[in-house]
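Below is one structure, written out as structure tokens; comments come after it.
In this text, all values refer to a predicted model and were calculated from it rather than measured experimentally.
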Amino acid sequence: MTLNQRFSIVALLLLGLNAQAKTDALFLEAVAAVESGHNRKAIGKAGERGMYQVGKAAWDDASARLKAEGHYAFPWSKWRDATAQDMVAASHLRWIRANFHRVGMTDPTPEQMALVWNVGWTAARSQGFRANGYAFRVANLFRLSLAKPR
């Protein structure tokens, strides 16, 4: 399956076909593989939804960020929509990166980014951003996808 088949081409077009958006899409592909096996219909034990397993609070925050950026704000009720999942996940990833920048970490590792995705900013920071098994799995998949010729 190619990138465009997994990550909504509509989301890529809305986010811009630039290098950062493409790299983010590859990172999110790795998150989706670990979180749900790319199952857009997945519902987690704590109510997380979609292939990225985003919880309602993170969804609402990411959707508000989209609105502030001039994009459509996807309500929680749209969690089954592929473009909504991709746009919200990409917005959440930008929020994670912005938090790292805010604390002076301008080049976080894929492990650090994945850890925050998995346990949240506060928990990840309190443990010194030390990667767990989840973070290593996501980072390894991400690096493999970067190495593949496209």
For the [atom1] atom of [X] and the [atom2] atom of [Y], what is their distance to the nearest 0.5 Å?
X	Y	atom1	atom2	answer
Lys148	Arg143	NZ	CZ	15.5 Å
Leu66	Met87	CG	CE	5.0 Å
Ile43	Ser36	CD1	OG	12.0 Å
Ser91	His71	OG	NE2	8.5 Å
Ser63	Trp76	OG	CH2	11.0 Å
Glu111	Asn140	CD	CG	7.0 Å

- [ ] Would you please classify the geometry between the Phe129 ring and the Trp121 ring as parallel, tilted or perpendicular, with 30° and 60° separating the classes?
- [x]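 Geometry flag for Phe129 against Trp121: tilted rings.
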So do the side chains of [X] and [Y] get within less than 4.5 Å of each other, counting heavy atoms only?
X	Y	result
Arg65	Arg94	yes
Val116	Asn99	no
Leu28	Asp86	no
Met113	Arg97	yes
Met105	Gln112	yes
His38	Glu29	yes

Please check if the distance between the ring centroids of [X] and [Y] is under 6.0 Å.
X	Y	result
Tyr134	Phe136	no
His92	Trp117	yes
Phe100	Trp95	no

Task: Distance-minimising heavy-atom pair for Ala84 and Lys78 - done: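 For Ala84 and Lys78, the tightest heavy-atom pair comes out as CB-O, 3.5 Å.
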Open item on the list: Looking at every non-hydrogen atom in both residues, tell me the closest pair between Ser126 and Ala123 and how far apart they are.
Closed with: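 Heavy-atom minimum between the residues: OG-O, 2.8 Å.
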- [ ] Tell me, with the steps shown, if Val138 and Phe27 meet side chain to side chain contact (heavy atoms under 4.5 Å, CB included).
- [x] CA-CA 8 Å; Val138 169; Phe27 181 84; 3.9 Å; yes
Task: Carboxylate-amine/guanidinium contact Lys56 Asp60, below 4.0 Å - done: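 Answer for the salt bridge query: yes.
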TODO: Dump the intermediate steps for side chain to side chain contact (heavy atoms under 4.5 Å, CB included) on Leu115 and Gln127, then the final yes or no.
DONE: CA-CA 10 Å; Leu115 179 69; Gln127 63 190 54; 3.5 Å; yes
- [ ] Would you sort out whether Tyr52 and Trp79 count as a ring-ring contact (aromatic ring centres under 6.0 Å, His included), showing the intermediate values?
- [x] CA-CA 10 Å; Tyr52 307 105; Trp79 75 265; over 10 Å; no
- [ ] In sequence, state the C-alpha distance, the side-chain angles, and the governing distance for Gln85 and Val54, and then conclude on side chain to side chain contact (heavy atoms under 4.5 Å, CB included).
- [x] CA-CA 9 Å; Gln85 287 183 29; Val54 176; over 6 Å; no
- [ ] Consider only side-chain heavy atoms of I, L, V, M, F, W and Y, link residues closer than 4.5 Å, and tell whether Tyr72 and Val88 are in one cluster.
- [x]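 Per the 4.5 Å side-chain linkage, Tyr72 and Val88 are co-clustered.
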